[in-house]
Amino acid sequence: MPLAPTLAEPGLLVMDVDSTLIDEEVIDELGEAAGCGEEIAAVTERAMRGELEFCDALRARVALLKGLPVSVFDTVHDKLHFTHGALELIDTLHTHGWKVGVVSGGFHEVVDRLAAEGHIDYWIANRLDVADGKLTGKVLGDIVCKTVKLHALKSWAERLGVPMSQTVAVGDGANDIPMIQAAGLGLAFCAKPKTQLAADDAINERDLTRVLDYLR
């Protein structure tokens with residue numbers, strides 16, 4: 001295994017949002033609000049395991065949200081919890097001159113707020129189409145899939161002038177695998193079996209400060 005990234009020099013950590021930065025899956029919470037929680041959660045589980053193509057799975061789940069009022073984002077946001085150690089990890093990295101980005105197959109309507117609350121430097125997420133204050137059941141623009149996550153890691157590192165050897169990627173789902181494999185250090189966090197196999201190592205307790213154990 002190559003030398004781990006060091007806190008002695010600037011670096012970049014990129015992590016997934018749902019079930020990584022936060023304990024919940026936002027799409028499942030939206031499904032609960034729409035009254036189709038079990039149906040959506042079942043699709044989420046299959047997509048996370050890599051049994052379904054992520055973009056197709058996301059479109060199928062978003063279609064079930066059609067008609068929900070945009071106020072649902074307030075309701076869902078108030079139910080979310082940062083994973084234990086998430087804010088401490090971010091603050092510690094910032095102290096050492098690192099930057100933190102998040103890449104989410106979830107939604108800007110929620111991730112924008114989480115990024116502000118968590119003092120996150122960069123973030124991308126999907127945007128849901130809205131008409132007359134209600135969700136139309138469609139996603140706007142390109143979906144944040146595994147390729148987009150990988151590209152974000154590389155382009156943010158390039159923008160910062162940080163070598164890939166000074167990058168860390170953390171995630172739990174199949175769509176996190178390419179960025180986990182491309183980073184200087186790729187960690188599976190309480191992850192699905194496929195993701196654990198693809199990573200340099202796995203953290204199997206819900207404590208994000210454990211990421212710091214790997215950094216010199």
Just so I know, are the side chains of Val26 and Leu80 near enough to count as touching, which here means a heavy-atom distance under 4.5 Å? yes

Does any part of the side chain of Leu150, heavy atoms only, come nearer than 4.5 Å to the side chain of Gln181, both counted from C-beta? no

Is Asp91 reaching over with its side chain to a backbone N or O of Glu88, donor-acceptor style, under 3.5 angstrom? no

Decide whether Val103 and Val170 are clustered together by the hydrophobic rule: side chain heavy atoms of Ile, Leu, Val, Met, Phe, Trp, Tyr closer than 4.5 Å, transitively. no

Side-chain heavy atoms nearer than 4.5 Å, only ILVMFWY residues, links allowed to pass through others: does that put Ile40 and Leu30 together? yes

For the residue pair Pro5 and Trp98, establish whether any side-chain heavy-atom pair is separated by less than 4.5 Å. yes

Decide whether Glu29 and His77 meet the rule of one side-chain donor and one side-chain acceptor closer than 3.5 Å. no

Between Ser19 and Glu25, do the side chains contain an N or O donor and an N or O acceptor separated by less than 3.5 Å? yes

State yes or no: do Leu13 and Phe189 share one hydrophobic cluster built from I, L, V, M, F, W and Y residues joined by side-chain heavy-atom distances below 4.5 Å, directly or via other members? yes

Is there a path of hydrophobic side-chain contacts, each under 4.5 Å between heavy atoms, that joins Met48 and Val110? no

Examine Leu21 and Leu153 and state if one hydrophobic cluster contains both, with Ile, Leu, Val, Met, Phe, Trp and Tyr joined whenever side-chain heavy atoms are less than 4.5 Å apart. no

Please determine, by modelled atom types, if His84 and Asp23 share a side-chain donor-acceptor pair under 3.5 angstrom. no

Flag side-chain contact, heavy atom, 4.5 Å: Thr167 against Val162: yes

Do Gln196 and Asn204 have a side chain donor and acceptor closer than 3.5 Å? yes

Closest heavy-atom pair, Pro193 versus Arg49, reported as atoms and distance to 0.1 Å, is CD-NH1, 4.1 Å

Gln166 side chain to Thr6 main-chain N or O, any donor-acceptor pair under 3.5 Å? yes

May I ask you to decide if Gly186's main-chain N or O and Asp200's side chain share a donor-acceptor pair within less than 3.5 Å? yes

